[in-house]
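Everything on this sheet refers to the single structure shown next.
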Amino acid sequence: AVLDALWAPVTTAAPGSGTWRSVFSLVSHMANALSVELLDHVYQLICSIPQADIEEVALGLIRQFTAKAIATAAREAGASERWYGLELLWDLIQDDSDATLKTRKAAQGMLVDLLTKLQPC
């Protein structure tokens, strides 16, 4: 319930706004301390952002959250199969994506960067 209340302003604020920056910063910083169940919930909230609204600020959240969430899930037994934002970044770079060309290019770079930095399991 607290995460939903924290996320609520994102649904009405303009993409890239100070509200997005503040909420995304908090969410990103909390990722290391959340259980896998809560990480799954936060990821669903992130996935609820329309592709057309994903821009630099949202991509920053996706990148930071993904790196932290994958590391956190890897430490919990039975949770290491979660890839969080990697799938979302992949979806953003597909031909049928609603994301802008600029967002697609940035998402591609982030996806490559995350994949090269992930430690083998």
Verdict with supporting geometry, Leu86 and Leu118, side chain to side chain contact (heavy atoms under 4.5 Å, CB included): CA-CA 11 Å; Leu86 296 178; Leu118 283 175; 3.7 Å; yes
Apply side chain to side chain contact (heavy atoms under 4.5 Å, CB included) to the pair Ile62 and Ile54, showing each step before the final yes or no. CA-CA 10 Å; Ile62 293 166; Ile54 295 178; 4.3 Å; yes
Candidate pair Thr66 and Met110, rule side chain to side chain contact (heavy atoms under 4.5 Å, CB included), full reasoning: CA-CA 10 Å; Thr66 298; Met110 286 181 183; over 6 Å; no
Kindly determine whether Val42 and Met30 satisfy side chain to side chain contact (heavy atoms under 4.5 Å, CB included), including the steps that lead there. CA-CA 10 Å; Val42 170; Met30 292 184 337; 5.5 Å; no
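Residue Tyr84 is grouped with residue Leu115 when hydrophobic side chains (ILVMFWY) are merged at heavy-atom distances under 4.5 angstrom, including chains of intermediate members. Hydrophobic clustering of Ile, Leu, Val, Met, Phe, Trp and Tyr side chains at less than 4.5 Å, counting indirect connections, unites Leu26 with Val23.
With rounding to the nearest 0.5 angstrom, the CD1 atom of Ile93 is 13.0 Å from the NZ atom of Lys105. Of the inter-residue distances, the one linking Gln108 atom CD with Trp90 atom CH2 reads 9.0 Å to the nearest 0.5 angstrom. Distance check: Arg63 CZ to Lys117 NZ gives 5.0 Å after rounding to the nearest 0.5 Å. For the atom pair CD1 of Ile49 and CG of Leu61, the computed distance is 6.5 Å after rounding to the nearest 0.5 Å.
Taking each heavy atom of Glu76 and Ser35 in turn, the nearest pair found is OE2-CA, 3.9 Å. Ala8 and Thr11 make their closest contact through O-OG1, 2.6 Å (heavy atoms, listed as atom of the first residue, atom of the second, distance). Of all non-hydrogen atoms in Leu39 and Ala31, the two that sit nearest each other are CD2-O, 3.5 Å. When every heavy atom of Ser28 is checked against every heavy atom of Gln64, the shortest pair comes out as OG-OE1, 2.8 Å.
Counting non-hydrogen atoms of neighbouring residues, nucleotides and ligands closer than 6.0 angstrom, the CH2 atom of Trp7 exceeds 12 such neighbours. Other residues, nucleotides and ligands place more than 12 heavy atoms under 6.0 Å from the CD atom of Gln94.
The backbone N or O of Gly18 sits less than 3.5 Å from a side-chain atom of Ser22, completing a donor-acceptor pair. Put simply, the side chain of Ser25 never gets that close to the backbone of Arg21: no donor and acceptor are under 3.5 Å apart. Under the 3.5 Å distance criterion, the side-chain polar atoms of Arg104 are matched with a main-chain donor or acceptor of Ser97.
Within the 4.5 Å cutoff, side-chain heavy atoms of His41 are placed close to those of Leu3. Taking 4.5 Å as the limit, some side-chain heavy atom of Leu92 sits within range of a side-chain heavy atom of Leu59. Residues Leu114 and Ile70 form no side-chain contact, since every pair of their non-hydrogen atoms from C-beta on lies 4.5 Å or further apart.
Relative ring orientation between Phe65 and Tyr43 is described as parallel, the plane-to-plane angle staying below 30° on a 0-90° scale split at 30° and 60°.
Pro15 pairs by the side-chain contact (heavy atoms from CB on, under 4.5 Å) definition with Trp20, Asp53, Glu55, not counting sequence neighbours.
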